[in-house]
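Report on one structure; see the data block that follows.
Fair warning: this is a prediction, and the values are worked out from it, not measured in the lab. Throughout, residue positions are numbered sequentially from 1 according to the sequence presented.
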Amino acid sequence: MKLDLKRQKMYVAGEWVEREQVLEVRNPEDDDLIAVVPRASQNDMAHAIELAKKGAKESAVLPVYKRMEILNKAADYVETHKEAFARTIAKEGSKTIKEARKEAGRCVETLRLSAEEARRVTGETIPFDQSQGGVGRFGYYERVPLGIIGAITPFNDPLNLVAHKIGPAIAAGNAIVVKPATATPLSALFLAEAFDYAELPKGILSVITGVGSEIGEILMTHPDVRMISFTGGMEAGLKIANQAGLKKKSMELGSNSPVIVLDDASLEEAVPACVSGAFWAAGQNCIGVQRIYVDETIYGTFKEKFISEAKTYRLGSKLDETTDMGPLINEKEAKRVAFMVEDAVRSGATILTGGSRDGAYYEPTVLEDVPDDCHLGREEVFGPVVLLYPYSNLDEAVEKANQTEYGLQAGLFTKDLQRAFTLIKELHVGGVMINDSTDFRIDAMPFGGTKQSGIGREGVKFSINEMTEEKVVCFKLA
(Lines give C-alpha, C1' and ligand atoms only; values in the text may rest on other atoms or scores of the structure.)
Protein backbone atom coordinates (compact mmCIF):
# COMPACT_ATOMS: atom_id res chain seq x y z
CA MET A 1 0.00 0.00 0.00
CA LYS A 2 1.56 3.30 -1.17
CA LEU A 3 -1.23 5.58 0.00
CA ASP A 4 0.21 8.38 2.12
CA LEU A 5 -2.55 9.48 4.45
CA LYS A 6 -0.75 12.71 5.24
CA ARG A 7 -0.05 14.18 1.81
CA GLN A 8 -1.88 12.62 -1.08
CA LYS A 9 -1.61 13.06 -4.83
CA MET A 10 -4.44 12.91 -7.34
CA TYR A 11 -4.56 10.55 -10.30
CA VAL A 12 -4.58 12.29 -13.68
CA ALA A 13 -4.79 9.95 -16.67
CA GLY A 14 -2.40 7.45 -15.12
CA GLU A 15 0.00 9.90 -13.42
CA TRP A 16 0.11 10.85 -9.74
CA VAL A 17 0.36 14.64 -9.41
CA GLU A 18 0.57 17.17 -6.59
CA ARG A 19 -0.68 20.74 -6.43
CA GLU A 20 0.38 23.64 -4.25
CA GLN A 21 -3.19 24.34 -3.20
CA VAL A 22 -4.67 21.59 -1.07
CA LEU A 23 -7.89 20.50 0.65
CA GLU A 24 -7.95 19.10 4.16
CA VAL A 25 -9.57 15.73 4.86
CA ARG A 26 -10.74 15.53 8.46
CA ASN A 27 -12.15 12.75 10.59
CA PRO A 28 -15.74 13.76 11.45
CA GLU A 29 -15.42 11.92 14.74
CA ASP A 30 -12.96 14.38 16.29
CA ASP A 31 -12.08 16.81 13.47
CA ASP A 32 -8.52 15.46 13.37
CA LEU A 33 -6.63 16.19 10.16
CA ILE A 34 -5.92 12.86 8.47
CA ALA A 35 -4.71 13.99 5.03
CA VAL A 36 -4.45 16.78 2.51
CA VAL A 37 -5.24 16.29 -1.18
CA PRO A 38 -4.71 18.51 -4.22
CA ARG A 39 -7.27 21.25 -4.78
CA ALA A 40 -7.66 20.87 -8.52
CA SER A 41 -8.28 23.90 -10.71
CA GLN A 42 -10.53 24.28 -13.73
CA ASN A 43 -7.42 23.86 -15.86
CA ASP A 44 -6.68 20.56 -14.12
CA MET A 45 -10.15 19.25 -14.92
CA ALA A 46 -9.98 20.44 -18.53
CA HIS A 47 -6.54 18.81 -18.89
CA ALA A 48 -7.84 15.50 -17.48
CA ILE A 49 -10.69 15.53 -20.00
CA GLU A 50 -8.28 16.29 -22.85
CA LEU A 51 -6.12 13.33 -21.84
CA ALA A 52 -9.26 11.18 -21.51
CA LYS A 53 -9.97 11.73 -25.22
CA LYS A 54 -6.91 9.63 -26.01
CA GLY A 55 -7.79 7.24 -23.21
CA ALA A 56 -11.26 6.70 -24.64
CA LYS A 57 -9.80 5.66 -28.00
CA GLU A 58 -7.47 3.20 -26.32
CA SER A 59 -10.20 1.85 -24.05
CA ALA A 60 -12.55 1.28 -26.99
CA VAL A 61 -10.07 -1.02 -28.73
CA LEU A 62 -8.85 -2.75 -25.56
CA PRO A 63 -9.69 -6.43 -26.02
CA VAL A 64 -12.43 -7.70 -23.74
CA TYR A 65 -10.13 -10.25 -22.13
CA LYS A 66 -7.75 -7.40 -21.20
CA ARG A 67 -10.57 -5.39 -19.65
CA MET A 68 -11.50 -8.47 -17.63
CA GLU A 69 -7.90 -9.04 -16.54
CA ILE A 70 -7.51 -5.43 -15.41
CA LEU A 71 -10.78 -5.39 -13.48
CA ASN A 72 -10.02 -8.70 -11.76
CA LYS A 73 -6.48 -7.61 -10.92
CA ALA A 74 -7.83 -4.38 -9.39
CA ALA A 75 -10.32 -6.49 -7.41
CA ASP A 76 -7.46 -8.68 -6.20
CA TYR A 77 -5.66 -5.56 -4.97
CA VAL A 78 -8.70 -4.35 -3.04
CA GLU A 79 -9.22 -7.81 -1.56
CA THR A 80 -5.58 -8.07 -0.48
CA HIS A 81 -5.74 -4.64 1.17
CA LYS A 82 -9.36 -4.91 2.33
CA GLU A 83 -8.62 -3.97 5.94
CA ALA A 84 -6.64 -0.91 4.85
CA PHE A 85 -9.48 0.12 2.56
CA ALA A 86 -11.96 -0.36 5.41
CA ARG A 87 -9.91 1.77 7.79
CA THR A 88 -9.64 4.50 5.15
CA ILE A 89 -13.43 4.47 4.67
CA ALA A 90 -13.99 4.60 8.43
CA LYS A 91 -11.47 7.38 9.08
CA GLU A 92 -12.60 9.82 6.39
CA GLY A 93 -16.34 9.07 6.52
CA SER A 94 -19.14 8.16 8.90
CA LYS A 95 -19.06 4.37 8.81
CA THR A 96 -17.95 2.19 11.68
CA ILE A 97 -15.17 -0.26 10.94
CA LYS A 98 -17.74 -3.08 10.73
CA GLU A 99 -19.78 -1.14 8.18
CA ALA A 100 -16.63 -0.15 6.28
CA ARG A 101 -15.47 -3.76 5.96
CA LYS A 102 -18.75 -4.63 4.29
CA GLU A 103 -18.31 -1.77 1.83
CA ALA A 104 -14.78 -2.89 0.98
CA GLY A 105 -16.08 -6.40 0.36
CA ARG A 106 -18.83 -5.08 -1.88
CA CYS A 107 -16.25 -3.12 -3.88
CA VAL A 108 -14.44 -6.37 -4.67
CA GLU A 109 -17.72 -7.90 -5.82
CA THR A 110 -18.57 -4.84 -7.95
CA LEU A 111 -15.25 -5.03 -9.78
CA ARG A 112 -15.54 -8.78 -10.35
CA LEU A 113 -19.11 -8.35 -11.63
CA SER A 114 -17.82 -5.67 -14.00
CA ALA A 115 -15.22 -8.10 -15.31
CA GLU A 116 -17.90 -10.75 -15.88
CA GLU A 117 -20.29 -8.37 -17.59
CA ALA A 118 -17.56 -7.13 -19.94
CA ARG A 119 -17.98 -10.36 -21.92
CA ARG A 120 -21.72 -9.72 -22.27
CA VAL A 121 -21.65 -6.34 -24.02
CA THR A 122 -23.35 -7.80 -27.06
CA GLY A 123 -25.94 -7.00 -29.73
CA GLU A 124 -28.11 -9.18 -31.97
CA THR A 125 -29.00 -9.72 -35.59
CA ILE A 126 -31.92 -7.84 -37.14
CA PRO A 127 -34.25 -9.57 -39.66
CA PHE A 128 -34.43 -6.69 -42.12
CA ASP A 129 -36.66 -8.68 -44.45
CA GLN A 130 -39.54 -8.29 -41.97
CA SER A 131 -40.15 -5.15 -44.05
CA GLN A 132 -40.80 -5.43 -47.78
CA GLY A 133 -38.12 -2.83 -48.43
CA GLY A 134 -35.60 -4.80 -46.36
CA VAL A 135 -35.40 -7.86 -48.59
CA GLY A 136 -31.84 -8.60 -49.64
CA ARG A 137 -30.31 -6.99 -46.58
CA PHE A 138 -28.54 -8.47 -43.58
CA GLY A 139 -27.41 -6.76 -40.42
CA TYR A 140 -27.19 -6.44 -36.71
CA TYR A 141 -26.76 -3.94 -33.92
CA GLU A 142 -23.88 -3.78 -31.49
CA ARG A 143 -23.33 -1.88 -28.28
CA VAL A 144 -20.46 0.61 -28.48
CA PRO A 145 -18.82 2.77 -25.80
CA LEU A 146 -19.88 6.39 -25.42
CA GLY A 147 -16.36 7.78 -24.99
CA ILE A 148 -15.72 9.84 -21.85
CA ILE A 149 -17.86 9.38 -18.73
CA GLY A 150 -17.94 12.13 -16.11
CA ALA A 151 -18.67 10.76 -12.62
CA ILE A 152 -19.52 12.57 -9.40
CA THR A 153 -19.70 10.44 -6.27
CA PRO A 154 -21.03 11.02 -2.72
CA PHE A 155 -19.44 10.78 0.70
CA ASN A 156 -21.66 8.08 2.19
CA ASP A 157 -20.22 5.16 0.16
CA PRO A 158 -16.85 6.62 -0.80
CA LEU A 159 -15.42 3.37 -2.23
CA ASN A 160 -18.16 1.14 -3.62
CA LEU A 161 -20.12 3.89 -5.34
CA VAL A 162 -16.89 4.96 -7.06
CA ALA A 163 -16.40 1.34 -8.13
CA HIS A 164 -19.96 1.40 -9.51
CA LYS A 165 -18.86 4.14 -11.90
CA ILE A 166 -15.33 2.98 -12.79
CA GLY A 167 -15.97 -0.76 -13.15
CA PRO A 168 -18.81 -0.55 -15.71
CA ALA A 169 -17.08 2.30 -17.59
CA ILE A 170 -13.97 0.20 -18.16
CA ALA A 171 -15.98 -2.95 -18.91
CA ALA A 172 -17.86 -1.02 -21.61
CA GLY A 173 -14.69 0.41 -23.19
CA ASN A 174 -14.94 4.02 -22.00
CA ALA A 175 -12.61 6.48 -20.31
CA ILE A 176 -13.82 8.01 -17.05
CA VAL A 177 -13.05 11.15 -15.04
CA VAL A 178 -14.16 10.88 -11.41
CA LYS A 179 -14.79 13.81 -9.07
CA PRO A 180 -15.14 12.21 -5.61
CA ALA A 181 -16.88 13.91 -2.70
CA THR A 182 -14.75 16.70 -1.24
CA ALA A 183 -15.13 15.27 2.27
CA THR A 184 -14.09 11.71 1.37
CA PRO A 185 -11.60 11.59 -1.52
CA LEU A 186 -9.11 9.11 -0.04
CA SER A 187 -11.06 5.93 -0.79
CA ALA A 188 -11.41 6.94 -4.45
CA LEU A 189 -7.67 7.67 -4.70
CA PHE A 190 -6.91 4.33 -3.06
CA LEU A 191 -9.11 2.65 -5.70
CA ALA A 192 -7.17 4.51 -8.42
CA GLU A 193 -4.06 2.94 -6.91
CA ALA A 194 -5.66 -0.48 -7.43
CA PHE A 195 -6.15 0.27 -11.14
CA ASP A 196 -2.61 1.63 -11.38
CA TYR A 197 -1.41 -1.69 -9.94
CA ALA A 198 -3.63 -3.52 -12.47
CA GLU A 199 -1.80 -1.69 -15.29
CA LEU A 200 -4.82 0.10 -16.68
CA PRO A 201 -3.56 1.99 -19.76
CA LYS A 202 -2.86 5.65 -19.10
CA GLY A 203 -5.63 8.09 -19.97
CA ILE A 204 -8.55 5.79 -19.21
CA LEU A 205 -9.02 6.84 -15.56
CA SER A 206 -8.59 10.13 -13.69
CA VAL A 207 -9.60 10.87 -10.09
CA ILE A 208 -9.65 14.65 -9.69
CA THR A 209 -9.91 16.01 -6.15
CA GLY A 210 -11.33 19.47 -5.65
CA VAL A 211 -14.35 21.58 -4.84
CA GLY A 212 -17.43 20.85 -6.94
CA SER A 213 -18.39 24.50 -7.30
CA GLU A 214 -14.93 25.23 -8.75
CA ILE A 215 -14.38 22.32 -11.14
CA GLY A 216 -17.73 20.59 -11.52
CA GLU A 217 -19.13 22.79 -14.26
CA ILE A 218 -16.20 21.97 -16.56
CA LEU A 219 -17.01 18.29 -16.22
CA MET A 220 -20.73 18.88 -16.75
CA THR A 221 -20.49 21.10 -19.80
CA HIS A 222 -17.37 19.92 -21.64
CA PRO A 223 -18.47 18.83 -25.14
CA ASP A 224 -16.21 15.76 -25.11
CA VAL A 225 -17.83 14.32 -21.98
CA ARG A 226 -20.62 12.15 -23.36
CA MET A 227 -22.35 11.09 -20.15
CA ILE A 228 -22.70 12.23 -16.55
CA SER A 229 -23.09 9.59 -13.84
CA PHE A 230 -24.08 11.30 -10.59
CA THR A 231 -25.04 10.04 -7.14
CA GLY A 232 -26.12 12.66 -4.63
CA GLY A 233 -28.89 15.00 -3.56
CA MET A 234 -31.88 16.07 -5.61
CA GLU A 235 -31.06 19.79 -5.70
CA ALA A 236 -27.54 19.13 -6.96
CA GLY A 237 -28.95 16.63 -9.46
CA LEU A 238 -31.36 19.19 -10.90
CA LYS A 239 -28.54 21.73 -11.26
CA ILE A 240 -26.32 19.19 -12.99
CA ALA A 241 -29.13 18.15 -15.34
CA ASN A 242 -29.57 21.76 -16.40
CA GLN A 243 -25.82 22.25 -16.90
CA ALA A 244 -25.26 18.99 -18.76
CA GLY A 245 -27.94 19.60 -21.37
CA LEU A 246 -28.30 16.84 -23.97
CA LYS A 247 -25.62 14.53 -22.58
CA LYS A 248 -26.70 11.10 -21.39
CA LYS A 249 -27.35 11.09 -17.65
CA SER A 250 -27.59 8.49 -14.94
CA MET A 251 -28.69 10.05 -11.66
CA GLU A 252 -29.36 8.37 -8.35
CA LEU A 253 -30.81 11.11 -6.17
CA GLY A 254 -32.70 11.40 -2.90
CA SER A 255 -35.34 9.34 -1.16
CA ASN A 256 -37.74 9.22 1.77
CA SER A 257 -38.14 5.45 1.92
CA PRO A 258 -41.35 4.01 3.37
CA VAL A 259 -41.98 0.63 4.99
CA ILE A 260 -45.45 -0.86 5.45
CA VAL A 261 -45.82 -3.46 8.21
CA LEU A 262 -49.00 -5.52 7.77
CA ASP A 263 -50.93 -7.17 10.60
CA ASP A 264 -49.51 -10.65 9.84
CA ALA A 265 -45.88 -9.54 9.76
CA SER A 266 -43.18 -11.26 11.80
CA LEU A 267 -42.02 -8.58 14.22
CA GLU A 268 -38.93 -10.68 14.95
CA GLU A 269 -37.92 -9.96 11.33
CA ALA A 270 -39.44 -6.52 10.84
CA VAL A 271 -38.06 -4.72 13.89
CA PRO A 272 -34.32 -5.51 13.57
CA ALA A 273 -34.43 -5.04 9.78
CA CYS A 274 -36.03 -1.61 10.10
CA VAL A 275 -33.77 -0.52 12.96
CA SER A 276 -30.69 -1.46 10.95
CA GLY A 277 -32.16 0.16 7.84
CA ALA A 278 -32.80 3.40 9.70
CA PHE A 279 -29.45 3.77 11.47
CA TRP A 280 -26.89 2.16 9.14
CA ALA A 281 -24.04 4.61 8.48
CA ALA A 282 -25.73 7.08 10.86
CA GLY A 283 -28.76 7.14 8.57
CA GLN A 284 -26.74 8.63 5.70
CA ASN A 285 -28.07 6.14 3.23
CA CYS A 286 -30.22 7.06 0.24
CA ILE A 287 -32.36 3.94 0.74
CA GLY A 288 -32.42 4.09 4.53
CA VAL A 289 -35.73 3.53 6.30
CA GLN A 290 -37.36 6.89 7.09
CA ARG A 291 -41.13 6.26 7.44
CA ILE A 292 -42.74 3.13 8.88
CA TYR A 293 -46.50 2.56 8.58
CA VAL A 294 -47.67 -0.16 10.99
CA ASP A 295 -51.10 -1.79 11.21
CA GLU A 296 -52.78 -0.31 14.29
CA THR A 297 -53.49 -3.77 15.78
CA ILE A 298 -49.74 -4.40 16.22
CA TYR A 299 -48.51 -0.80 16.38
CA GLY A 300 -48.06 -0.73 20.16
CA THR A 301 -45.99 -3.91 20.23
CA PHE A 302 -43.94 -2.86 17.20
CA LYS A 303 -43.23 0.56 18.71
CA GLU A 304 -42.14 -0.91 22.04
CA LYS A 305 -39.78 -3.41 20.41
CA PHE A 306 -38.43 -0.82 17.96
CA ILE A 307 -37.63 1.73 20.66
CA SER A 308 -36.05 -0.93 22.84
CA GLU A 309 -33.71 -2.01 20.04
CA ALA A 310 -32.89 1.57 19.02
CA LYS A 311 -31.83 2.32 22.58
CA THR A 312 -29.25 -0.46 22.49
CA TYR A 313 -27.30 1.27 19.71
CA ARG A 314 -23.86 2.23 20.95
CA LEU A 315 -22.36 5.48 19.66
CA GLY A 316 -18.62 5.86 19.81
CA SER A 317 -15.30 5.65 18.00
CA LYS A 318 -15.71 4.30 14.47
CA LEU A 319 -12.67 2.04 14.76
CA ASP A 320 -13.98 0.45 17.98
CA GLU A 321 -15.35 -3.01 17.16
CA THR A 322 -18.21 -2.54 19.64
CA THR A 323 -19.49 0.72 18.12
CA ASP A 324 -22.83 0.47 16.32
CA MET A 325 -23.06 3.99 14.93
CA GLY A 326 -20.58 6.76 14.24
CA PRO A 327 -21.01 10.49 13.63
CA LEU A 328 -22.57 12.21 10.66
CA ILE A 329 -20.14 13.44 8.04
CA ASN A 330 -19.73 16.79 9.85
CA GLU A 331 -21.28 18.92 12.57
CA LYS A 332 -23.16 21.03 10.02
CA GLU A 333 -25.07 17.95 8.88
CA ALA A 334 -25.84 16.99 12.47
CA LYS A 335 -27.21 20.48 13.10
CA ARG A 336 -29.37 20.20 9.97
CA VAL A 337 -30.85 16.91 11.21
CA ALA A 338 -31.43 18.44 14.65
CA PHE A 339 -33.27 21.36 13.04
CA MET A 340 -35.55 19.01 11.11
CA VAL A 341 -36.42 17.11 14.30
CA GLU A 342 -37.02 20.33 16.24
CA ASP A 343 -39.24 21.60 13.42
CA ALA A 344 -41.29 18.39 13.58
CA VAL A 345 -41.67 18.70 17.36
CA ARG A 346 -42.85 22.30 17.00
CA SER A 347 -45.42 21.00 14.51
CA GLY A 348 -46.76 18.44 16.99
CA ALA A 349 -44.47 15.41 16.71
CA THR A 350 -43.34 13.40 19.74
CA ILE A 351 -39.79 12.13 20.27
CA LEU A 352 -39.95 8.53 21.53
CA THR A 353 -36.20 8.14 21.94
CA GLY A 354 -33.07 10.06 20.98
CA GLY A 355 -33.17 13.63 19.74
CA SER A 356 -29.84 14.82 21.19
CA ARG A 357 -26.75 16.04 19.38
CA ASP A 358 -23.11 16.06 20.49
CA GLY A 359 -20.92 17.67 17.85
CA ALA A 360 -21.27 15.60 14.68
CA TYR A 361 -22.97 12.78 16.58
CA TYR A 362 -26.76 12.56 16.59
CA GLU A 363 -28.56 9.92 18.60
CA PRO A 364 -30.70 7.24 16.92
CA THR A 365 -34.03 9.03 17.01
CA VAL A 366 -37.59 7.75 16.73
CA LEU A 367 -40.65 10.00 16.40
CA GLU A 368 -44.41 9.60 16.05
CA ASP A 369 -47.29 11.98 15.29
CA VAL A 370 -45.14 13.68 12.64
CA PRO A 371 -47.33 15.91 10.43
CA ASP A 372 -47.16 15.18 6.71
CA ASP A 373 -46.42 18.79 5.83
CA CYS A 374 -43.32 19.36 8.00
CA HIS A 375 -39.76 18.90 6.69
CA LEU A 376 -39.38 15.38 8.10
CA GLY A 377 -42.64 14.22 6.55
CA ARG A 378 -41.78 15.45 3.04
CA GLU A 379 -38.03 15.57 2.65
CA GLU A 380 -35.08 13.22 2.92
CA VAL A 381 -33.58 13.43 6.41
CA PHE A 382 -30.30 11.65 5.53
CA GLY A 383 -29.63 11.09 9.20
CA PRO A 384 -30.45 8.62 12.00
CA VAL A 385 -34.13 9.56 12.30
CA VAL A 386 -37.17 7.35 11.67
CA LEU A 387 -40.90 8.14 11.86
CA LEU A 388 -43.59 5.72 13.07
CA TYR A 389 -47.23 5.89 11.95
CA PRO A 390 -50.15 3.59 12.83
CA TYR A 391 -52.71 2.92 10.08
CA SER A 392 -56.19 1.45 10.09
CA ASN A 393 -56.73 1.28 6.33
CA LEU A 394 -54.11 -0.32 4.08
CA ASP A 395 -55.11 1.75 1.05
CA GLU A 396 -54.48 4.91 3.05
CA ALA A 397 -51.07 3.58 4.15
CA VAL A 398 -50.11 3.04 0.50
CA GLU A 399 -51.34 6.53 -0.37
CA LYS A 400 -49.21 7.98 2.45
CA ALA A 401 -46.19 5.94 1.36
CA ASN A 402 -46.51 7.39 -2.16
CA GLN A 403 -47.12 10.99 -1.13
CA THR A 404 -43.54 12.28 -1.35
CA GLU A 405 -41.82 13.45 -4.53
CA TYR A 406 -39.32 10.59 -4.15
CA GLY A 407 -39.63 6.96 -5.21
CA LEU A 408 -36.42 4.98 -4.71
CA GLN A 409 -37.22 1.85 -2.67
CA ALA A 410 -39.95 0.67 -0.28
CA GLY A 411 -40.33 -2.22 2.15
CA LEU A 412 -43.22 -4.52 2.95
CA PHE A 413 -43.53 -6.98 5.82
CA THR A 414 -46.23 -9.62 5.37
CA LYS A 415 -46.74 -13.37 4.96
CA ASP A 416 -49.68 -12.81 2.57
CA LEU A 417 -48.44 -13.20 -1.02
CA GLN A 418 -51.68 -11.94 -2.52
CA ARG A 419 -51.55 -8.67 -0.59
CA ALA A 420 -47.82 -8.37 -1.28
CA PHE A 421 -48.30 -8.61 -5.06
CA THR A 422 -51.14 -6.11 -4.93
CA LEU A 423 -49.05 -3.60 -2.99
CA ILE A 424 -46.02 -4.10 -5.25
CA LYS A 425 -48.09 -2.76 -8.16
CA GLU A 426 -49.41 0.18 -6.14
CA LEU A 427 -46.13 1.48 -4.71
CA HIS A 428 -44.51 4.12 -6.96
CA VAL A 429 -40.87 3.19 -6.42
CA GLY A 430 -37.96 1.64 -8.26
CA GLY A 431 -37.68 -1.34 -5.91
CA VAL A 432 -39.88 -3.12 -3.37
CA MET A 433 -38.23 -5.28 -0.69
CA ILE A 434 -40.53 -7.93 0.80
CA ASN A 435 -39.82 -8.85 4.43
CA ASP A 436 -36.65 -6.79 4.30
CA SER A 437 -35.44 -3.27 4.92
CA THR A 438 -35.65 -0.65 2.20
CA ASP A 439 -31.86 -0.46 2.27
CA PHE A 440 -31.33 -3.97 0.92
CA ARG A 441 -29.31 -3.93 -2.29
CA ILE A 442 -26.95 -6.19 -4.17
CA ASP A 443 -24.55 -4.82 -6.73
CA ALA A 444 -25.92 -6.90 -9.60
CA MET A 445 -29.51 -5.65 -9.45
CA PRO A 446 -30.94 -2.65 -11.33
CA PHE A 447 -30.92 0.19 -8.83
CA GLY A 448 -32.68 3.51 -9.24
CA GLY A 449 -35.94 5.29 -8.64
CA THR A 450 -39.01 6.98 -9.99
CA LYS A 451 -40.18 10.58 -9.72
CA GLN A 452 -37.39 12.81 -8.38
CA SER A 453 -35.31 9.93 -7.10
CA GLY A 454 -33.37 9.78 -10.32
CA ILE A 455 -32.90 8.90 -13.96
CA GLY A 456 -31.68 5.55 -15.27
CA ARG A 457 -30.44 2.53 -13.33
CA GLU A 458 -27.18 1.57 -11.68
CA GLY A 459 -26.02 -1.99 -10.95
CA VAL A 460 -23.14 -3.26 -13.04
CA LYS A 461 -25.02 -4.74 -16.02
CA PHE A 462 -27.44 -1.84 -16.12
CA SER A 463 -24.72 0.79 -15.76
CA ILE A 464 -22.96 -0.76 -18.75
CA ASN A 465 -26.17 -0.37 -20.74
CA GLU A 466 -26.28 3.29 -19.74
CA MET A 467 -22.62 3.75 -20.68
CA THR A 468 -22.99 2.30 -24.19
CA GLU A 469 -25.21 3.00 -27.16
CA GLU A 470 -26.58 0.92 -30.01
CA LYS A 471 -25.01 1.09 -33.45
CA VAL A 472 -26.89 -0.51 -36.36
CA VAL A 473 -24.97 -2.18 -39.20
CA CYS A 474 -26.83 -3.14 -42.39
CA PHE A 475 -25.42 -4.82 -45.52
CA LYS A 476 -27.27 -4.57 -48.80
CA LEU A 477 -26.35 -7.85 -50.49
CA ALA A 478 -25.96 -8.31 -54.24
Quick check on K305: does its NZ atom have over 12 non-hydrogen neighbours (other residues, nucleotides or ligands) under 6.0 Å away?
no

Which word best sums up how the rings of F85 and F190 line up, parallel for under 30°, tilted for 30 to 60°, or perpendicular for over 60°?
parallel

Is the shortest side-chain N to carboxylate O distance from R26 to E92 below 4.0 Å?
no

Between the side chains of D324 and R314, is the shortest nitrogen-to-carboxylate-oxygen separation below 4.0 Å, so that they form an ion pair?
no

For F279 versus E99, what's the shortest heavy-atom pair and its separation?
O-OE2, 4.5 Å

Side chains of M251 and I240: does their closest heavy-atom pair fall under 4.5 Å?
yes

Is the shortest distance from a Lys or Arg side-chain nitrogen in E117 or R120 to a carboxylate oxygen in the other one below 4.0 Å?
yes

Does the distance from a Lys or Arg side-chain N to an Asp or Glu carboxylate O, for D157 and R106, drop under 4.0 Å?
no

Is any side-chain heavy atom of D372 closer than 4.5 Å to a side-chain heavy atom of R378?
no

Report yes if the distance between the aromatic ring centroids of Y293 and Y391 is under 6.0 Å, otherwise no.
no

Salt bridge present between E363 and R357 (N-O < 4.0 angstrom)
no

Salt-bridge test for K400 and E396: reply yes if a basic N is under 4.0 Å from a carboxylate O, no otherwise.
no

Would you indicate whether K311, at its atom NZ, is surrounded by more than 12 heavy atoms from other residues, nucleotides or ligands within a distance under 6.0 Å?
no

Worked verdict on V385 versus Q290 for side chain to side chain contact (heavy atoms under 4.5 Å, CB included):
CA-CA 7 Å; V385 178; Q290 185 164 334; over 6 Å; no

Under 4.0 Å between a Lys/Arg side-chain N and an Asp/Glu carboxylate O for D263 and R419?
yes

Gap between atom SG of C274 and atom CD of E309 - 0.5 Å precision:
10.0 Å

Answer yes or no on whether R441 is positioned over the face of F447, meaning its NZ or CZ is under 6.0 Å from the six-membered ring centre and within 45° of the axis.
yes

Is it true that R336 and E333 make a salt bridge, defined as a side-chain N closer than 4.0 Å to a carboxylate O?
yes

Cationic N near anionic O, under 4.0 Å, E466 to R457:
no

Could you tell me whether E368 and K303 have a side-chain N and a carboxylate O separated by less than 4.0 Å?
yes

Please determine if E321 and K98 form a salt bridge, counting it only when a charged side-chain N lies under 4.0 Å from a carboxylate O.
no

SB check E458 K165 (cutoff 4.0 Å)
yes

